[in-house]
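Below is one structure, written out as structure tokens; comments come after it.
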Amino acid sequence: MDKRLEFNSMTLVELQELFLTLGEKKYRAEQFFRFLHAQKNFEIENLKQFSNTLIEKLKNEGFINKSTIYKRYESKIDNTKKYLIRLEDNRIIETVFMDYKTYTTVCISSQVGCRMGCSFCASTKENFKRNLTACEMLNQIYLIEKDLNLKITNVVIMGIGEPLDNYDNVLKFLNILNDERGKNLSLRNVTISTCGLVDNIYKLAKENLPITLTISLHNPFQKERSEIMPISNKYSIEEIIKACKFYFEKTKRRVSFEYTIIKGQNDSQKHAKELKRVLKDLNCHINIIPLNEIKEFDGISPDTKYIYIFKEKLKKLSLNATIRKKQGIDINGACGQLRQGVIEQES
Ligand code: SAH
């Protein structure tokens, strides 16, 4: 990887500091920031407001990290599109665009691969390669906006990777995304999904950002959860719930829980009741996801009827739940189906 400064991963304050050390005016940094994040420009030569000398000076310090669209798949069932995005080191990540008519969402990846090892998830199968930098997360959004000529209104960090395992870069990404001189996206429209890295849930709560936090729970019994989610051996369900309460107290944002139903494994009345016990006195919402089958996991997706039956069980216990619609299932773009890839170096 290029070790020079990655200009499009720098916050406005960082760019301003850089320009001052280069003996340049502070307002130039803001012009550069707008060029990168409002105009979404990847070519430093296009900076017409800057003299050639300044452009050369900048080129000595760093570069603009470009990602490119390698491939786009379009669902025939809904309007979902899956993008394979090529990073500068030829690694491939996946990003999903979802059109909900009144708003548009992208589901972005935060890492190349994942080290969490959940048994049912495709993203972790080829292991962990590296973290994405802030601009590699931003580029996923910018590329889709340019490709479809529209504005993305919502961002969910639910693609490949565990966002709280790439904490600093994710925070920098949020800072830039939210900046009114750039994309200017409200953090109220951002959701972070985590398998439950408790220490970083506390850290995030203390940042006091209005982000929606969602926890991948999938099973309310500690032992059963640990069998499919190794992270559960490190942080218990009880610790996660405590951290969620803290998150709610700090941010006043209702926490959500994701519950992927694996037929016959976590959909009984016993599970519903334990879920109620675990989530008692927490202001929360449950998203039920039918398992999307992957070849490496032998769990079975429940029939639609059983998904509704489980939802009814939760309702009777006064638990709020919605069933997440499968999006882009025919293009392997649904929850847990995203994978990393690599393009062999062309010689
Ligand atoms: N690492 C983060 C975000 C990535 S996954 C996390 O664990 O939350 C986004 C959601 O899809 C998570 O709730 C995840 O558990 C779920 N998921 C993973 N594999 C799935 C599958 N095969 N079927 C349905 N949901 C799955």
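When a ligand or atom number is given, it counts from 1 through the structure's own listing order. Count residues from 1 along the sequence. Predicted, not measured: the structure shown is a model, and the values here were computed from it.
Contact atoms of ligand 1 toward Cys195: 6 (C), 7 (O), 8 (O) (distance under 4.0 Å to a heavy atom of the residue). The ligand atoms of ligand 1 that sit less than 4.0 angstrom from a heavy atom of Cys121 are 18 (C), 19 (N). Short contacts between ligand 1 and Glu258, defined as distances under 4.0 Å to a heavy atom of the residue, involve ligand atoms 10 (C), 13 (O). Taking every non-hydrogen atom of Gly161 and a distance limit under 4.0 Å, the qualifying atoms of ligand 1 come out as 1 (N), 2 (C), 3 (C), 4 (C). Of all atoms in ligand 1, listed by their number and element, those nearer than 4.0 Å to a heavy atom of Ser216 are 6 (C), 7 (O), 8 (O), 12 (C), 13 (O), 14 (C), 15 (O). Close approach to Met158 involves these atoms of ligand 1, each under 4.0 Å from a residue heavy atom: 4 (C), 5 (S), 9 (C). Taking every heavy atom of Gly159 and a limit of under 4.0 angstrom, the matching atoms of ligand 1 come to 4 (C).
With a 4.0 Å cut-off on non-hydrogen atoms, His218 touches ligand 1 through its side chain and not its backbone. Contacts between Leu291 and ligand 1 below 4.0 angstrom, taking non-hydrogen atoms only, involve backbone and side chain alike. When non-hydrogen atoms are compared, ligand 1 lies under 4.0 Å from neither the backbone nor the side chain of Ile160.
Judged by distance alone, with hydrogens and angles left aside, the side-chain atoms of Glu162 form a donor-acceptor pair with the main-chain N or O of Leu164 at under 3.5 Å. Without hydrogens or angle criteria, Ser109 side chain to Gln111 main chain gives no donor-acceptor distance under 3.5 Å.
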Checklist entry - Going through the checks in order, is the side-chain hydrogen bond (donor to acceptor under 3.5 Å, both in side chains) test met by Thr104 and Asp99? => result CA-CA 5 Å; Thr104 51; Asp99 190 355; over 6 Å; no

Checklist entry - Should Phe7 and Ile44 be marked as a side chain to side chain contact (heavy atoms under 4.5 Å, CB included) after you check the CA-CA gap, both sets of side-chain angles, and the distance that decides it? => result CA-CA 10 Å; Phe7 293 134; Ile44 205 160; 4.1 Å; yes

Item to check | side-chain hydrogen bond (donor to acceptor under 3.5 Å, both in side chains) assessment of Arg225 paired with Gln222 | outcome: CA-CA 5 Å; Arg225 186 171 189 261; Gln222 182 59 34; 5.8 Å; no

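The minimum heavy-atom distance linking Val112 with Gln340 is given by the pair CG1-OE1, 3.4 Å.
Considering backbone and side-chain atoms together, Phe120 places an N or O closer than 3.5 Å to an N or O of ligand 1.
Residue Glu136 forms a salt bridge (Lys or Arg N to Asp or Glu O under 4.0 Å) with just one option from Arg91, Arg130, Lys66, Lys172, and that option is Arg130.
A cation-pi arrangement is absent between Lys26 and Phe19, since the terminal nitrogen or guanidinium carbon is not both under 6.0 Å from the aromatic centre and inside a 45° cone about the axis.
With respect to atom 23 (N) of ligand 1, the closest heavy atom belonging to the protein is Asn292 N, 2.9 Å. With respect to atom 26 (C) of ligand 1, the closest heavy atom belonging to the protein is Cys335 O, 3.7 Å. Protein heavy atom nearest atom 18 (C) of ligand 1, with residue, atom name and distance: Gly336 CA, 3.4 Å. Given atom 25 (N) of ligand 1, the protein heavy atom at minimum distance is Thr260 OG1, 3.1 Å.
The aromatic rings of Tyr103 and Tyr100 sit parallel to each other, their planes meeting at less than 30°, with 60° as the upper class boundary.
The aromatic ring centres of His271 and Phe310 sit 6.0 Å or more apart.
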